[in-house]
2 protein chains.
Amino acid sequence: MFLGGYANSMDEKGRVNIPADYRDVLRNQHGDCRLIITRDLLDDCLRAYPVARWRDWLAKLEKLPASNRTARRIYRRVVSSAVVLEPDKQGRVLIPASLRQAAQLRKAVHFAGANQTFEIWDSKLWQQETELVDAEDFDPAMLDEFGL
Amino acid sequence: MFLGGYANSMDEKGRVNIPADYRDVLRNQHGDCRLIITRDLLDDCLRAYPVARWRDWLAKLEKLPASNRTARRIYRRVVSSAVVLEPDKQGRVLIPASLRQAAQLRKAVHFAGANQTFEIWDSKLWQQETELVDAEDFDPAMLDEFGL
DNA sequence: AGATATCACCCCACTTTTACCCACTACGAT
DNA sequence: ATCGTAGTGGGTAAAAGTGGGGTGATATCT
């Protein structure tokens, strides 16, 4: 599964190296190096799914009621930004310009493992996100509520 | 399946290039590059179906009770605007003027993958539709409701 | 009916983008 | 030191996307 964080850099063409550890996971545990990358539903980052995981996620999205406008928007945000990518011989993928823009990716990007999937952040945004967590000192009531 | 978003431009004759990825899907997964394009039922955009998918959709529409006025209107909106199109050697289709008008298509158009089908939007309308989503930060109650 | 306009279709030419290949650096292990 | 692997930069051929004719069919007007 996808663990740990990696700081890689994206070149001017929009190519980034997928961390070798993640590629190993894809090759060994999924037997398929292809990735589906989309905008995350909730945060300003991209989320990468192995093919099987993407199928699961898509199945959920397909259940959204088309009659509901917000549901259609949720569906669109995710599906209409998704791309299938396969690392090249160097282990890199080309992130389409639209996705780069959506996640505000610049040169420095950060990979964050999320078990079944992983996230791709602009380093600056990632930093802000994690700084906030450190500063905030989790609300004990919430921790109890979630049994942590 | 149809994924991802593409920004293409329509020329003065009303021709637009179908994204190469979508044409690949049609050729490889359906063995038939023909598309049925109609007005979308719910939004101000066009929706394109591979032949088999159109058959499914049409079968549903045929089940509408003709006794119901709204049902007849729904049927007309979709069926009476449908055209069968096949990309030319350059990969383009000619969108009939009536459909262009219905979806307010101008020069800049946006293709949005929707898994089994794909949507064709005027860029401006698409932008409005998606910008709203970013600002709105989906209602958490709804996300819980749908199990996302 | 004949002349004229309009539209869809096909072909060609150009620009931009992408895919693919090769080369280099940094670092760790042997 | 040397080898192997991860990560980075760049160049080049192919493909995608775009604009603009020409032609033949059909429609319109006189």
Side-chain angles (χ1 to χ4, degrees), chain A residues 2-28 33-37 48 81-102 105-113 118 120-123 126, chain B residues 2-28 33-37 46 48 81-101 105-113 118 120-123 126:
Chain A
F2 303 108
L3 298 176
Y6 300 86
N8 285 352
S9 71
M10 187 171 68
D11 66 22
E12 288 149 11
K13 297 180 180 177
R15 296 177 298 184
V16 272
N17 205 306
I18 303 292
D21 286 359
Y22 293 176
R23 294 202 307 270
D24 288 344
V25 171
L26 289 169
R27 208 164 345 96
N28 301 331
C33 279
R34 280 178 303 170
L35 283 170
I36 289 84
I37 301 186
S81 66
V83 285
V84 184
L85 297 175
E86 184 157 16
D88 64 16
K89 207 189 288 181
Q90 282 74 25
R92 289 182 289 193
V93 294
L94 176 79
I95 311 276
S98 54
L99 282 179
R100 268 177 267 160
Q101 201 182 346
L105 300 185
R106 306 215 220 143
K107 186 167 171 54
V109 302
H110 187 97
F111 290 80
F118 62 88
I120 307 175
W121 290 78
D122 180 79
S123 285
W126 172 258
Chain B
F2 303 107
L3 298 177
Y6 301 86
N8 285 352
S9 71
M10 188 171 68
D11 65 20
E12 288 148 12
K13 299 177 182 178
R15 297 177 298 182
V16 271
N17 206 306
I18 303 292
D21 285 0
Y22 293 177
R23 295 202 306 271
D24 288 345
V25 171
L26 289 169
R27 207 163 348 94
N28 301 332
C33 280
R34 282 178 301 169
L35 283 170
I36 288 84
I37 301 186
L46 306 180
S81 66
V83 287
V84 184
L85 298 174
E86 184 156 15
D88 64 17
K89 205 190 290 183
Q90 281 76 23
R92 288 183 288 197
V93 294
L94 177 77
I95 311 275
S98 56
L99 282 179
R100 266 178 268 162
Q101 200 180 349
L105 300 185
R106 306 216 220 142
K107 185 168 171 55
V109 302
H110 188 97
F111 289 81
F118 62 89
I120 307 175
W121 290 76
D122 179 79
S123 284
W126 172 259

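Letters A, B, ... are given to chains in the order of the sequence lines, protein chains preceding strands, and every chain is numbered from 1.
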Visitor: Is any side-chain nitrogen or oxygen of A:Lys107 closer than 4.0 Å to OP1 or OP2 of D:dG7?
Guide: no

Visitor: Please answer whether the main-chain N or O of A:Ile18 pairs with a side-chain N or O of A:Tyr6 as donor and acceptor at a distance below 3.5 Å.
Guide: no

Visitor: According to side chain to side chain donor-acceptor pair (under 3.5 Å), who are the partners of A:Asp11, at least two apart in sequence or on a separate chain?
Guide: A:Arg15

Visitor: Calculate the interatomic distance between B:Arg23 atom CZ and D:dA16 atom P; express it in whole Å.
Guide: 6 Å

Visitor: Sub-3.5 Å donor-acceptor pair from the side chain of A:Arg34 to the main-chain atoms of A:Val84, do we have one?
Guide: no

Visitor: Can you build the contact string for nucleotides 10-24 of chain C? Use B for base contact, S for sugar-phosphate-only contact, and - for no protein heavy atom under 4.0 Å.
Guide: BBB------BBBB--

Visitor: D:dG17 P sits how many Å from B:Tyr6 OH, rounded?
Guide: 8 Å

Visitor: Does A:Asn8 or B:Ile18 map to a spot on DNA chain D nearer the 5' end, using the closest nucleotide for each?
Guide: A:Asn8

Visitor: Please state how far atom NE2 in B:His110 lies from atom P in D:dG17, giving the value in whole angstrom units.
Guide: 13 Å

Visitor: Over 60° means perpendicular and under 30° means parallel, so classify the ring planes of B:Phe118 and B:Phe111, tilted if in between.
Guide: tilted

Visitor: Does any N or O in the side chain of B:Asn8 come within less than 3.5 Å of the main-chain N or O of B:Val16, such that one atom is a donor and the other an acceptor?
Guide: no

Visitor: Starting at CD of A:Glu12 and ending at P of D:dT8, how long is that distance when rounded to a whole Å?
Guide: 14 Å

Visitor: Contact class for A:Leu85 (heavy atom, under 4.0 Å): base, sugar-phosphate, or nothing?
Guide: nothing

